[in-house]
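The structure appears right after this line, and notes come after that.
Proteins come first, then strands; the chains are lettered A, B, ... in the order of their sequence lines, and each starts at number 1. Note that the structure is a prediction, hence the values are computed from the model and not measured.
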There are 2 protein chains.
Amino acid sequence: MSQSIEQPADGTTGRTPVRAVPTSADVARLAGVSRATVSYVLNNTSAVRISEPTRERVREAARELGYVPHAAARTLRAGHSRLVLLPTAHVPVGPLYSGFFNDLQWALRRLDYTVVQYGSVGLAAEDAARAWAELRPAAVVSMGEVEVTPGAVEILRRSGVKAVITVGTRAAEGTHSLVLDQPRVGEVAAEHLIATGRRRIGVVVPEEPGLGMFSGPRLDGARRAAEAAGATVVPLPLAYTEESAVALAARWPELGLDAVFGYNDEYAMLLMRALQDAGVDVPGDTAVIGADDLLLGRLLRPRLSTVHIDLIEGGELAALVDDAVNGTADATGRRPLLDSRVIVRESS
Amino acid sequence: MSQSIEQPADGTTGRTPVRAVPTSADVARLAGVSRATVSYVLNNTSAVRISEPTRERVREAARELGYVPHAAARTLRAGHSRLVLLPTAHVPVGPLYSGFFNDLQWALRRLDYTVVQYGSVGLAAEDAARAWAELRPAAVVSMGEVEVTPGAVEILRRSGVKAVITVGTRAAEGTHSLVLDQPRVGEVAAEHLIATGRRRIGVVVPEEPGLGMFSGPRLDGARRAAEAAGATVVPLPLAYTEESAVALAARWPELGLDAVFGYNDEYAMLLMRALQDAGVDVPGDTAVIGADDLLLGRLLRPRLSTVHIDLIEGGELAALVDDAVNGTADATGRRPLLDSRVIVRESS
DNA sequence: TTGAAAGCGATACCAA
DNA sequence: TTGGTATCGCTTTCAA
């Protein structure tokens, strides 16, 4: 196989002393004005009126020098940044999250924020908070992958972070919290299975770390629905490997289950295949339902039933972030943040 | 369904004038030393000897105040940051990339860099470059999702960015380029199909935007292999929807293909299911192979053959980034960056 | 061993 | 309408 590592053709890296980075003073000098004027022109400061010829000279000088303002200097002077920090742990998987992230970033950029994701794998909550705080972001928006402890919130607050927003399974103290109703996902799944005559329901609990924040509440929701109907729920630990699924399927007769909620479509697909290979008829012997409504679920036979989840829209969260930064956020206008509904196909 | 937006219980947001953020001057005051001493202690400056009691007083004061250094001020003073910017467009899909990203971030943090991902959807190359340049990162590492034009490189260079590194399908001018051999993926797939007696090979070309950087080279690689063996390659545009797959499968008889390379496992799974539903026997009538070696490919029947791709390790890329920033990167030590091999299962 | 002070780049007040 | 200048928080040289 071929491969290559290429270097810049010229010697611009390292050796050659890089041409000094242009500052607003350089722009001022070239345009023959003061630095203040440069600032006024480049920021379109409306409180000050600058003649059009001067404006043009300044802009031309900036263009010629390739001037780019220095965010750190601006931040220092302003006393605050326009940075919004999105901590991420495991890179969010699935079209649900990735679409959401793109929307959010786009909407925040329209509001003149600079959005960055900060990978925080392997950092304890408060170490992570200190790392974030060094950047003095205007806001931190946690999507529930990274734990935000009260101590972490305190660190951020004392560092001048205007808003801490958490989106997750439960409210985090001291933050603006958007609580996504994860139990509801398990509940609608269980209700559907019960309504179609099932009584002993297995609920997959992924063994992969980092999913506990979601799987626990979904299990609880299923339990709630089962108790209300006199049905039984059995937790089923499962790793995302073929071996684990085969092992679980092998125990199926002794478990005596007539239905299973697979946590999400991926785990459900994995388990369904293992069950079929073990001679279990789906949905005859056991009904199977997943969650997330992945396209792939329609490719198996029987087609996989699923719980469709509607997430809050990125644009709305962006507006909330802006309000929180400005201190104008309120608790009015509450609306559904997470809507769950069953899509019945062939596996249940 | 239930939902809620919660606010901080106390009135810390907006109204209450937030307690001033502690600076190193505050720490100095509390510890009864100068700001210089604080800096020495907190940065473990080895060139200066500070008595142990003093060090402890400073550290204690910092702890008590919840002091967190101000990255912008440090950057301004130092003349450079320790920021590494990873532009992302579409959130990287698949376990291959997400594992890689985590490794890279972890390794760079060990080298004392601050890594952030910058979502750059919907920004033209040079606008994006200006946005990145405002942050004055030490390095920009593009994973091929965002185009890095020569103009963009120039903007970054003039803003003092020490290293621009691109990982993608081809070298980008003026950057350290890691060229991943995408054609090789298509080539090994086609070679395998030809070796098993296939002669008319379809190659899926995803219609989704942003995948062109990968699909084109893979198609070219397949073409190369086919030409060498006197076989034929037919490009097959396909959107990632069930309808598109069904429509393509309906045209199958007139296409007269005896094999298809599905671009990756997801497209391959989608198409294989549509083919089966249309009465095409896999692999009897038509062989199918994907790429990426997803677990899900093993869940279909027949099990999906695939091209397994080994990506460069995050830790190695981190080392290269560090060398590039320090100007010590060289072109020696070339090694495979991307290795492709066929995993034959049942669909081919 | 510690302190005083200059200066990084951009902005906004106050004069002119 | 434009310019001079103090200031943000931190690091580092030079003096003490």
Side-chain angles (χ1 to χ4, degrees), chain A residues 18 20-58 61-62 65-83 114 133-136 138 158-160, chain B residues 18 20-58 61-62 65-83 114 133-136 138 158-160:
Chain A
V18 185
V21 178
T23 72
S24 72
D26 296 319
V27 177
R29 198 153 26 232
L30 183 57
V33 299
S34 75
R35 297 158 66 210
T37 304
V38 171
S39 177
Y40 294 142
V41 172
L42 264 30
N43 294 303
N44 283 312
T45 308
S46 52
V48 171
R49 314 188 75 74
I50 307 277
S51 68
E52 193 48 49
T54 305
R55 305 181 90 86
E56 197 39 57
R57 277 217 317 287
V58 169
L65 292 174
Y67 171 73
V68 176
H70 194 308
R74 193 201 300 261
T75 293
L76 190 55
R77 170 64 224 218
H80 59 260
S81 73
R82 293 288 291 176
L83 206 61
T114 297
E134 290 197 4
L135 297 175
R136 295 292 191 274
R158 284 163 77 137
S159 305
Chain B
V18 185
V21 178
T23 71
S24 74
D26 295 318
V27 176
R29 199 152 28 232
L30 183 58
V33 299
S34 75
R35 297 157 64 211
T37 305
V38 171
S39 177
Y40 293 143
V41 172
L42 264 30
N43 295 304
N44 284 312
T45 309
S46 51
V48 170
R49 314 186 70 75
I50 307 279
S51 67
E52 194 48 48
T54 304
R55 304 182 91 88
E56 196 40 56
R57 278 218 314 287
V58 170
L65 293 174
Y67 171 73
V68 175
H70 194 308
R74 189 202 300 262
T75 293
L76 192 54
R77 169 65 223 225
H80 59 259
S81 74
R82 293 289 290 178
L83 205 62
T114 297
E134 291 196 5
L135 297 176
R136 296 292 192 273
R158 284 163 76 136
S159 305

Close N/O contacts between protein and nucleotides 12-16 of chain C (under 3.5 Å):
unit_1 : atom_1 : unit_2  : atom_2 : d
C/dC13 : N4     : A/Tyr40 : OH     : 2.4

For atom NE2 of A/His80 and atom C1' of D/dC8, their distance in whole Å: 12 Å

Starting from P on C/dG9, measure out to CG on A/Leu42 and report it in whole angstrom. 16 Å

Give one of base, sugar-phosphate or nothing for A/Val48, where a contact means two heavy atoms less than 4.0 Å apart. base

Are B/Arg158 and A/Val68 packed together at the side-chain level, in the sense that at least one heavy-atom pair is separated by less than 4.5 angstrom? no

Judged by each residue's nearest nucleotide on DNA chain C, which is more toward the 5′ side, B/Arg49 or A/Arg74? B/Arg49

Any A/Thr54 side-chain nitrogen or oxygen under 4.0 Å from OP1 or OP2 of D/dT2: yes

At less than 4.0 Å, is any side-chain N or O atom of A/Ser24 found next to OP1 or OP2 of C/dA10? Yes or no. yes

Among the candidates C/dG3, D/dC8, C/dT1, find the nucleotide nearest to the side-chain atoms of A/Leu76. D/dC8

Counting just side-chain N and O atoms, does B/Ser34 come under 4.0 Å of either OP1 or OP2 of C/dG3? yes

Could you give the distance from OG1 (B/Thr37) to CZ (B/Arg57), rounded to the nearest 0.5 Å? 9.5 Å

Report the residue from B/Val58, B/Ile50, B/Val33 that forms a side-chain contact (heavy atoms from CB on, under 4.5 Å) with B/Tyr40. B/Ile50

Are OP1 or OP2 of C/dT2 and a side-chain N or O of B/Thr37 less than 4.0 angstrom apart? no

